[in-house]
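Source: prediction; values computed, not measured. Values reported hereafter were calculated over all heavy atoms of this structure, with side chains retained and with hydrogens, waters and symmetry mates removed.
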Amino acid sequence: MNHQSTAPDRRLPAELHGESFREVFRRHAAGVAIITATYNDVPFGFTATSVASLSAEPPRFSFNMARTSSSWPAVANTNFVGVHMLSTENEGLANRFARTKDRFTGDHWEAGPEGVPILKDVAGWLVGRISMRLSFENNAVVVAEVVAGTIGPDGAPLLYHGGSYGTPTATDYVI
């Protein structure tokens with residue numbers, strides 16, 4: 001009896017590696033956030049699209065980052081991180097934390113709970129105690145349990161899609 005598998009081949013074709021793989025994910029809209037931490041009394045931060053709610057009870061969030069990031073030493077060696085949800089009003093902050101090294105010059109932030117840098121006028125922020133860092137090759141998944149936070153001004157969420165920032169548009173579909 002021949003037991004050939006009828007399951008579809010789940011491997012990525014060769015043409016979906018490298019740039020093609022990145023292009024597939026450029027077609028996935030993601031919310032934009034900024035992660036902050038303090039290490040040796042120096043503030044660190046970066047723009048992220050990998051933030052996710054992990055659980056509501058207890059409240060936990062997760063994010064992914066490259067261990068080659070200039071912010072990795074801070075995340076790897078501190079107990080607390082901040083996550084800041086961004087609205088379209090915060091596109092300048094997103095660019096600042098994604099494209100420049102001059103992230104903390106100015107009055108757009110202040111020291112918050114547990115010494116974590118807190119950005120002003122964002123859609124909301126949370127401070128979490130890091131409970132897990134899972135390293136995989138040059139990347140890491142970080143899990144944090146919320147210890148503080150606040151809801152900021154309401155506004156359209158800032159999304160990243162196709163290599164640029166945008167905002168969702170309403171559809172005629174009603175649930």
Say whether, by atom type as modelled, one donor and one acceptor occur between the side chain of [X] and the main chain of [Y] under 3.5 angstrom.
{"X": "K120", "Y": "D107", "value": "yes"}
{"X": "H84", "Y": "A33", "value": "no"}
{"X": "T100", "Y": "R96", "value": "yes"}
{"X": "T38", "Y": "D41", "value": "no"}
{"X": "H108", "Y": "R103", "value": "yes"}
{"X": "S62", "Y": "V142", "value": "no"}

Does the side chain of [Y] come within less than 4.5 Å of [X]'s, by heavy atoms?
{"X": "L126", "Y": "F61", "answer": "yes"}
{"X": "M85", "Y": "V51", "answer": "yes"}
{"X": "D121", "Y": "E89", "answer": "no"}
{"X": "L159", "Y": "V32", "answer": "no"}
{"X": "V143", "Y": "I130", "answer": "no"}
{"X": "V81", "Y": "E114", "answer": "no"}
{"X": "S50", "Y": "V141", "answer": "no"}
{"X": "F97", "Y": "I35", "answer": "no"}

In a check of side-chain contact (heavy atoms from CB on, under 4.5 Å) between V122 and each of T150, N90, I34, which one passes? N90
Write down the atom of [X], the atom of [Y], and the distance for their closest heavy-atom approach.
{"X": "V116", "Y": "G82", "answer": "CG1-N, 3.4 Å"}
{"X": "S71", "Y": "M65", "answer": "C-CE, 3.9 Å"}
{"X": "A148", "Y": "P113", "answer": "CB-CG, 3.8 Å"}
{"X": "A37", "Y": "F80", "answer": "CB-O, 4.1 Å"}
{"X": "A98", "Y": "T47", "answer": "N-OG1, 3.3 Å"}

In Å, rounded to the nearest 0.5 Å, how long is the span from CZ of F136 to CG of N64? 12.0 Å
Please determine whether residues [X] and [Y] belong to a single hydrophobic cluster, defined as Ile, Leu, Val, Met, Phe, Trp and Tyr linked transitively by side-chain heavy-atom distances below 4.5 Å.
{"X": "V146", "Y": "V75", "answer": "yes"}
{"X": "V83", "Y": "L93", "answer": "no"}
{"X": "F63", "Y": "L119", "answer": "no"}

Please evaluate residues T36 and F46 with respect to the criterion side chain to side chain contact (heavy atoms under 4.5 Å, CB included), reporting the C-alpha separation (whole Å), side-chain torsions for both, the decisive distance (0.1 Å), and the verdict. CA-CA 7 Å; T36 59; F46 62 97; over 6 Å; no
Give a yes or no on whether R67 atom CZ has more than 12 heavy-atom contacts from other residues, nucleotides or ligands under 6.0 Å away.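 Yes.
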Near I151 CD1, under 6.0 Å, is it more than 12 heavy atoms from other residues, nucleotides or ligands?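 It does not: I151 CD1 has 12 such atoms or fewer within range.
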Give me each pair satisfying salt bridge (charged side-chain N to carboxylate O under 4.0 Å, His left out) with a member in residues 144-161, each pair once, sequence neighbours excluded.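 Pairs touching residues 144-161 that pass the test: R60-E145.
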Within residues 133-144 or reaching into it, pairs that qualify as salt bridge (charged side-chain N to carboxylate O under 4.0 Å, His left out) - sequence neighbours excluded: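 Pairs touching residues 133-144 that pass the test: none.
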Checking W72 now: which residues fulfil ring-ring contact (aromatic ring centres under 6.0 Å, His included) with it, not counting sequence neighbours? none
Look at the aromatic rings of F44 and Y39 and report parallel, tilted or perpendicular, splitting at 30° and 60°.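 Geometry flag for Y39 against F44: tilted rings.
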